[in-house]
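Okay, structure first, notes after.
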Protein chains: 2
Amino acid sequence: MLGERDLDPDQYGTMPMVNKRSLAVLQECEDCPIKHRAVCARCEDDELQQLEEIKYYRKFEAGQTIIWSGDRMDFVGSVVSGIATLTQTMEDGRTQMVGLLLPSDFVGRPGRGAAAYDVVATTDLVMCCFRKAPFEDLMVKTPHIAQRLLEMTLDELDAAREWMLVLGRKTAREKIASLLSIIARRNATLHLSTTDGPLVFDLPLTREAMADYLGLTLETVSRQISALKRDGVIVLEGKRHVTIPDMSRLMDEAGDDADGGVFA
Amino acid sequence: MLGERDLDPDQYGTMPMVNKRSLAVLQECEDCPIKHRAVCARCEDDELQQLEEIKYYRKFEAGQTIIWSGDRMDFVGSVVSGIATLTQTMEDGRTQMVGLLLPSDFVGRPGRGAAAYDVVATTDLVMCCFRKAPFEDLMVKTPHIAQRLLEMTLDELDAAREWMLVLGRKTAREKIASLLSIIARRNATLHLSTTDGPLVFDLPLTREAMADYLGLTLETVSRQISALKRDGVIVLEGKRHVTIPDMSRLMDEAGDDADGGVFA
DNA sequence: CGGGGGGTTGATCTCCTTCAATCAACGTGG
DNA sequence: CCACGTTGATTGAAGGAGATCAACCCCCCG
């Protein structure tokens, strides 16, 4: 699937401080790398303790499907490290990505029995899962969880609407530039770096996944990436390693205001 | 703007039981036509009373902009009757609709100071507004409000993601069919009718608004509507009055499973 | 009567898709 | 160790769906 050797293994989320064999060490919420951003971010110590009781970790390998659309879901959870995609597929095989799940993002919908989308790990991934029924109970009793989840859902809704503009109105070149700038910015926040020097990152998606995200074909994605490279908007080393010499230039190409956030 | 005489005035939401001059009569939550679906749907009597204290009604005329993107928002609220659109605009004027607000839908985002989108009334519209600061206070104290808002936001997120598939992967004909089937279904639920007889409704949007929703030009919208009419998928009387003789046929054209909901 | 908003239809153009060949990197089994 | 298949990616040529530009219609209204 995803050639790991191309990628910085710790680029997309602080790596759990354990090797692959000792998930057990990950049991303590205190040490959790996403504790300040996940659903549990607002919880008090006693609330965290209740969560600890219904939680467990699961690992997935790059390429593995975490959930199939239509499956019964008996858990919800947070991405701890790694990246996953949310996709919808039509009967004839056309697919559209509808979400990109990064560390701290929430998976599953309380109150719904079956999954509405396919969830696929695009890198090796660790999830912190909560059994669904007890989690729902806890949500009623613990406003902090529901509050945080509301906040996160509103953010996702904004992201989805932003994406609707990309899908509906932008050209192929603008779409690619938009995707690159989103990934670049998210990566910058994740690593607490500034956005005015040159940004460097590895693409977490194949050309095909990018196409599914952008409503394009993979050929068009490839062509537009080549074009942006030719025009010096991006620098490519290999297929995945990207340098953005001038972020505001990229934002220009994306058709966004170059002054930073769209929801400024 | 919207020629009112073309439209059944009570089609999009139970009309408040008052004429245009006596909004005052709308003061009681008990009589509210959307009380079972709006943010306040879960509230107990005493909670409703607290809401009553910070609420007020506002009327907007067809075509009027309710909120400009970027404006400070000092209220949130629910659409009581009428229809509004949520749109995003790029610097060069390209616009994309990102939401269609029907009666009981929520407007505004608690926790955010400025509006992220333009909100425009496409028909005459009544909103039940809450002053933002007190509403946010109430949300913390009253889990019932936050719970309901979470539920509604999750639904909107699903709708947005469904729309991403439409925008990213469907053909113009499928897009039109998708829009028609959504409007038809929402109308059916609103009027508690069944979905197996022929469905009849008036389009609440101009061709241009439909184009903005679907990521098309208005010419393409017009052509595809003509095509669906020619092919007998829909029957048109005038420009706005639509009859769907066979809903499953329309669903077929939309590329959706004809067995009803996508999130079945 | 003229004018404007909403809508339809036609002709042309273009951006993206489709189909296809090719390549590089990698893994595998003989 | 090399031939082979596979996967991800690039590039080219041809075609088509939808955009663009433009003319025109209908209806209402001042």
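These numbers come from a predicted model, not from an experiment. Lettering follows sequence order; numbering is per chain, from 1.
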(request) In whole angstrom, give the distance that lies between atom CG of Leu228(B) and atom P of dT8(C). (result) 12 Å

(request) Tell me whether the OP1 or OP2 atom of dA19(D) has a side-chain N or O from Thr220(B) closer than 4.0 Å. (result) yes

(message) Under 4.0 Å between a side-chain nitrogen and a carboxylate oxygen: does that hold for Glu253(A) and Lys175(A)?
(response) no

(message) For Glu219(B), give me all partners under salt bridge (charged side-chain N to carboxylate O under 4.0 Å, His left out), at least two apart in sequence or on another chain.
(response) none

(request) Mind checking Gly215(B) for me? I need base, sugar-phosphate or nothing, with any heavy atom below 4.0 Å counting as a touch. (result) sugar-phosphate

(message) Between the side chains of Lys229(B) and Glu237(B), is the shortest nitrogen-to-carboxylate-oxygen separation below 4.0 Å, so that they form an ion pair?
(response) no

(message) Taking the minimum atom-to-atom distance to the side chain of Leu236(A), which one of dT8(C), dG18(D), dT10(D) wins?
(response) dT10(D)

(message) Pairing donors with acceptors under 3.5 angstrom, does anything connect the side chains of Thr95(A) and Asp212(A)?
(response) yes

(request) Begin from the C-alpha positions of Glu156(A) and Arg161(A) and carry the test salt bridge (Lys or Arg N to Asp or Glu O under 4.0 Å) through to its verdict. (result) CA-CA 9 Å; Glu156(A) 273 184 276; Arg161(A) 286 174 167 164; over 6 Å; no

(message) Can you see if the side chain of Arg240(B) gets near the phosphate of dG7(C) - specifically, an N or O under 4.0 Å from OP1 or OP2?
(response) yes

(message) From NE2 of His241(B) over to P of dG6(C), roughly how many Å is that when rounded to an integer?
(response) 21 Å

(request) Could you go through the salt bridge (Lys or Arg N to Asp or Glu O under 4.0 Å) check for Arg94(B) and Glu174(A) one step at a time? (result) CA-CA 13 Å; Arg94(B) 283 176 281 176; Glu174(A) 288 170 333; 2.8 Å; yes

(message) Could you check whether Thr220(B) and Thr217(B), counting side-chain N and O atoms only, form a donor-acceptor pair closer than 3.5 Å?
(response) yes

(request) Please report, rounded to the nearest Å, how far the P atom of dG7(C) is from the CD1 atom of Ile176(B). (result) 12 Å

Can you give me the N/O atom pairs linking the protein to nucleotides 10-14 of chain C at distances under 3.5 Å, or say none if there are none?
residue	atom	partner	partner atom	Å
dG10(C)	N7	Arg223(B)	NH1	2.8
dG10(C)	O6	Arg223(B)	NH2	3.1
dA11(C)	N6	Arg223(B)	NH2	3.4

(request) Calculate the interatomic distance between Lys175(A) atom NZ and dC15(C) atom P; express it in whole Å. (result) 14 Å

(message) Does the Lys NZ or Arg CZ of Arg58(A) fall within the cation-pi geometry relative to Phe75(A) - under 6.0 Å from the ring centre and within 45° of the axis?
(response) yes

(request) Starting at atom CG of Leu218(B), determine the distance to atom P of dG6(C), rounded to an integer number of angstrom. (result) 10 Å

(request) Rounded to the nearest angstrom, tell me the gap between atom CZ in Arg230(B) and atom C1' in dT8(C). (result) 11 Å

(request) Side chain of Arg207(A) only, please: which of dA19(D), dT18(C), dA9(D) is the nearest? (result) dA9(D)

(message) Can you tell me which nucleotide in dT11(D), dG18(D), dC16(C) comes closest to the side chain of Gln224(A)?
(response) dC16(C)

(message) Can you measure Glu174(A) atom CD to dC15(C) atom C1' for me and round it to whole angstrom units?
(response) 12 Å

(request) Give a yes or no on whether a salt bridge exists between Asp256(A) and Lys170(A), defined as a side-chain N under 4.0 angstrom from a carboxylate O. (result) yes

(message) Using the side-chain heavy atoms of Ser226(A), tell me which of these nucleotides is nearest: dG7(C), dT10(D), dC16(C).
(response) dT10(D)

(request) Please tell me which of the listed nucleotides, dA19(D), dC16(C), dT11(D), lies nearest to the side chain of Leu216(A)? (result) dC16(C)

(request) Strictly below 4.0 Å, heavy-atom distances to any atom of DNA chain D: list the hits from residues 163-170 of chain A, or just say none. (result) none

(request) Find the distance Arg94(A):CZ to dT18(C):C1' and express it as a whole number of Å. (result) 14 Å

(request) Indicate the atoms forming the closest heavy-atom contact of Ile67(B) with Ala115(B), along with that distance. (result) CG2-CB, 3.4 Å

